[in-house]
Every structure is written in C-alpha cells, then in structure tokens.
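See below for the structure under consideration.
Remember, it's 1-based here, ligands and their atoms both numbered in the order they're listed.
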Amino acid sequence: MTAQKIQFSFELFPPRTPAGWDKLPALASALAAVQPAFFSVTYGAGGSEQNGTYDTLIRVVEQTGIETAPHLTCIGSTRARIGALLDQYRAAGVTRIVALRGDLPATAASSEAPGELRYASELVAFIRETHGDHFTLEVAAYPEMHPQAANPDADFDAFRRKIDAGADGAVTQYFFTAEAYFDFVERCTRAGITVPIVPGIMPITNHAQLTRFSAACGADIPRWIRLRLEQYQDDKAALQDFGLEVVARLCRALLDNGAPGLHFYTLNQAEPTLRLWQHLGLPTPTGS
Ligand code: FAD
C-alpha cells in the first residue's frame with residue numbers, strides 16, 4: 001500500500017468552556033501541521049452541544065482550510081430537524097458527514113427517545129434520499145461489538161445495513177487488540193463489503209478517563225494493559241510513555257497489515273496524537 005492511499009483523520013469535539021473555545025485555533029493549527037485528510041467534529045445526541053458542532057466546524061475550516069466533517073446523530077430527532085441541519089451543512093460547503101445513531105445523554109427525558117429515525121442505517125438512507133451522492137458518508141463500526149447489540153452476528157448485520165443504505169466508509173470504535181479489527185475486516189471481505197474501514201485510535205493518557213470511556217462504549221482493555229495502567233496511574237509520565245508504546249505498536253501493526261488509514265480520537269489535545277504521529281514516523285510536511 002502506498003503512502004498516498006493511507007488516510008489519516010483527527011476527531012475533535014465542540015469545546016465546552018470559553019477557555020476551550022479560545023484554545024481551538026491553536027489546537028486546530030497544531031494538528032493541521034501534519035495535514036490530515038480531514039477533521040471530524042462530534043455531535044451531542046439529544047440536544048447537548050449541537051450548535052457547537054457547526055460553530056467548531058466553521059472555525060476549524062477557517063483556521064486550517066482542511067476539510068471538516070460533522071458527526072450527525074438521529075436519536076431523539078426528527079426528519080425535519082435533520083433535514084434542516086443537512087441543508088445548513090451543505091450551504092457551508094460540507095461534503096462529508098459521519099452518520100450515527102447516537103446515544104441520548106443520561107439527562108434526557110425518556111420521552112425524547114427514540115426519534116423518527118431509529119438506527120444509523122435509516123439516517124444514511126434518509127441522507128441518500130434527500131441529498132443523493134452529495135455527501136461522502138462515514139458510519140461507525142464495532143470490531144468488539146456495539147454494547148447494545150444482541151450478539152456479534154446481529155451487530156454485523158446492522159453494520160451491513162449501513163453499507164447497503166449507502167455509506168462510503170466506516171470508522172471503528174477504538175480497540176487495543178489488532179486481531180479484533182482484522183477479524184472484522186475479514187468478515188466484511190467475506191460478506192462482499194469493500195468500503196474502507198478505518199481504525200479509530202485512542203491515545204492513552206489518563207487511566208480513569210480511559211476506564212470510564214471503555215466501560216461505556218464496550219472497548220476491551222486487555223488485562224496486561226489494564227494492570228500496567230493501574231500501576232502507573234499516579235505517575236503521569238510513566239503512564240503516558242507506556243500508553244505511547246502500546247498505541248504506537250497497535251498503529252504500526254494495523255498499518256503494516258493493510259489498514260487503509262487511522263482516525264485519531266484527539267480529545268481536543270494535540271500533543272498525544274502528535275507524539276504518536278512522530279513515534280510512528282508518519283509524514284510531516286516540510287516546514288511544520
Ligand atoms: P447503529 O448502527 O444504529 O447501531 C446501534 C445499535 O442498534 C447496535 O447495537 C446495533 O447492533 C443495533 N441495530 C442497528 N440496526 C438495527 C436493527 N435494524 N434492528 C435491531 N438492532 C439494530 N455518539 C454521539 O452521540 N455523537 C458523536 O459524535 C459520536 N461519534 C462517534 C464516532 C465514531 C467513529 C464512533 C464509533 C461512535 C460515535 N458515537 C457518537 C457513538 C455512537 O453514537 C454510539 O456508539 C451509538 O450507541 C451507536 O451509534 P451507531 O451509529 O453505531 O448506531
């Protein structure tokens with residue numbers, strides 16, 4: 001696989017504080033220096049932070065000139081609201097969207113769920129119906145299974161429905177076992193699914209946060225990693241050095257064995273992703 005074909009992307013979330021907004025231009029510039037193929041900006045399902053996605057996107061594009069894809073969720077929403085957002089994004093020049101079902105925030109009233117479109121496959125179909133091929137659509141994939149799925153086969157069928165509905169590619173939930181990703185890709189190949197499936201990469205920088213996220217999203221932290229993180233939880237430098245080695249080794253295994261790119265969950269921190277980038281010896285454009 002040639003270097004040009006490999007696609008790197010960086011995920012951001014809308015800042016939650018005035019200080020976070022102040023730091024956004026520097027964050028975007030620092031990450032843009034290595035020229036990712038695109039940025040993506042998460043979207044709070046069920047009402048939280050939703051305007052923030054648009055505002056973040058506009059600022060990142062203005063700051064960097066790099067394509068930026070909004071995440072768009074359907075849970076708790078209506079066709080009319082989603083349609084209005086799609087029009088807004090299209091008018092702003094957006095051509096790529098990460099289409100998701102989303103999770104309702106814990107604070108949402110049960111009356112808000114589930115919305116007119118129940119699954120991401122229905123959202124993909126709706127976008128295709130209303131906007132044809134205007135948008136490149138990415139969807140989520142779960143090599144270790146989505147936590148609410150009945151079983152791995154049912155989850156795989158749900159994934160296939162998103163591709164059949166018109167998704168162009170997928171980004172995975174993060175994982176630390178390369179074999180889970182390659183097994184998923186092999187299942188896709190056997191099922192005739194040929195779209196790029198880009199691994200989602202979570203840099204390891206904080207033991208408590210990683211444990212919380214992983215419990216919520218169903219990502220497995222292998223025992224040997226968990227034990228080392230527990231040991232280093234009060235030694236930030238040791239934890240981050242260990243995390244860098246583990247995640248860099250994972251990225252190398254993924255790229256060496258044919259992954260079509262990497263999507264970094266930056267958590268709005270440039271340094272962990274850029275450290276990984278340097279450690280992996282990924283291309284750094286001249287002058288950055
Ligand atoms: P779906 O593909 O619809 O699947 C959801 C569940 O329903 C799965 O268990 C699936 O097996 C099941 N299912 C699907 N179709 C059917 C069917 N027809 N019948 C029965 N069961 C079915 N969340 C946010 O709120 N905002 C974000 O910005 C965001 N960004 C993300 C980015 C990435 C790369 C990833 C991997 C996840 C992201 N998430 C985000 C989290 C995501 O919204 C949750 O994981 C959510 O629970 C599922 O979304 P989905 O699009 O995978 O849903």
Side-chain angles (χ1 to χ4, degrees), residues 7-16 38-54 56-57 68-77 82 85 89 96-108 112-127 136-175 180-181 184 187 193 195-202 213-219 259 261-268:
Q7 186 156 289
F8 299 101
S9 48
F10 293 153
E11 183 171 307
L12 304 170
F13 58 76
R16 298 192 185 109
F38 65 92
F39 285 101
S40 79
V41 184
T42 64
Y43 183 71
S48 68
E49 303 162 18
Q50 293 191 346
N51 294 334
T53 304
Y54 181 83
T56 304
L57 182 145
T68 303
H71 295 207
L72 179 57
T73 64
C74 59
I75 199 164
S77 194
I82 293 168
L85 264 177
Y89 285 136
R96 183 191 296 265
I97 287 178
V98 183
L100 304 142
R101 185 197 66 174
D103 290 314
L104 279 175
T107 49
E112 280 186 60
E116 289 179 4
L117 304 170
R118 291 167 308 158
Y119 298 112
S121 56
E122 296 178 5
L123 176 61
V124 171
F126 177 72
I127 299 173
T136 298
L137 297 180
E138 313 283 350
V139 291
Y142 300 86
E144 296 179 341
M145 200 183 88
H146 184 264
Q148 290 157 6
N151 58 55
D153 282 355
D155 202 34
F156 190 78
D157 287 344
F159 178 69
R160 190 203 319 244
R161 271 193 285 275
K162 295 192 271 197
I163 304 303
D164 290 347
D168 298 293
V171 177
T172 76
Q173 185 56 274
Y174 71 86
F175 54 85
Y181 168 80
F184 187 82
R187 296 180 79 190
I193 296 171
V195 302
I197 296 165
V198 175
I201 301 297
M202 180 65 85
F213 284 175
S214 303
C217 74
L262 299 173
H263 178 83
F264 292 88
Y265 295 107
T266 72
L267 302 182
N268 286 16

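For atom 17 (C) of ligand 1, the candidate residues are Tyr119, Phe159, Phe156, Tyr142; the nearest heavy-atom contact is made by Tyr119. The option from Leu123, Thr53, Asp155, Leu72 that lies nearest to atom 10 (C) of ligand 1, judged by heavy atoms, is Asp155. In this structure, of Arg118, His71, Lys162, the residue bringing a heavy atom nearest to atom 32 (C) of ligand 1 is His71.
Residue contacts with ligand 1 leave out Val98, since none of its heavy atoms falls under 4.0 Å from the ligand. Using a 4.0 Å heavy-atom cutoff, Tyr174 is absent from the residues neighbouring ligand 1. Remark: distances from the non-hydrogen atoms of Phe13 to ligand 1 are all 4.0 Å or more.
Side chains of Phe156 and Ile193 form a contact here, defined as non-hydrogen atoms less than 4.5 Å apart.
Applying the salt bridge (Lys or Arg N to Asp or Glu O under 4.0 Å) test to pairs two or more places apart or on separate chains, those with a residue in residues 161-171 are Arg128-Asp168.
Exactly one of Leu137, Leu100, Ile82, Val98 qualifies for a side chain to side chain contact (heavy atoms under 4.5 Å, CB included) with Leu72. That residue is Ile82.
Contacts between His263 and ligand 1 below 4.0 angstrom, taking non-hydrogen atoms only, are absent altogether.
Aromatic ring pairs are classed by plane angle as parallel below 30°, tilted from 30° to 60° and perpendicular above 60°; the pair Tyr181 and Phe175 is parallel.
When atom types are taken as modelled, the side chain of Thr68 and the backbone of Ser40 share no donor-acceptor pair closer than 3.5 angstrom.
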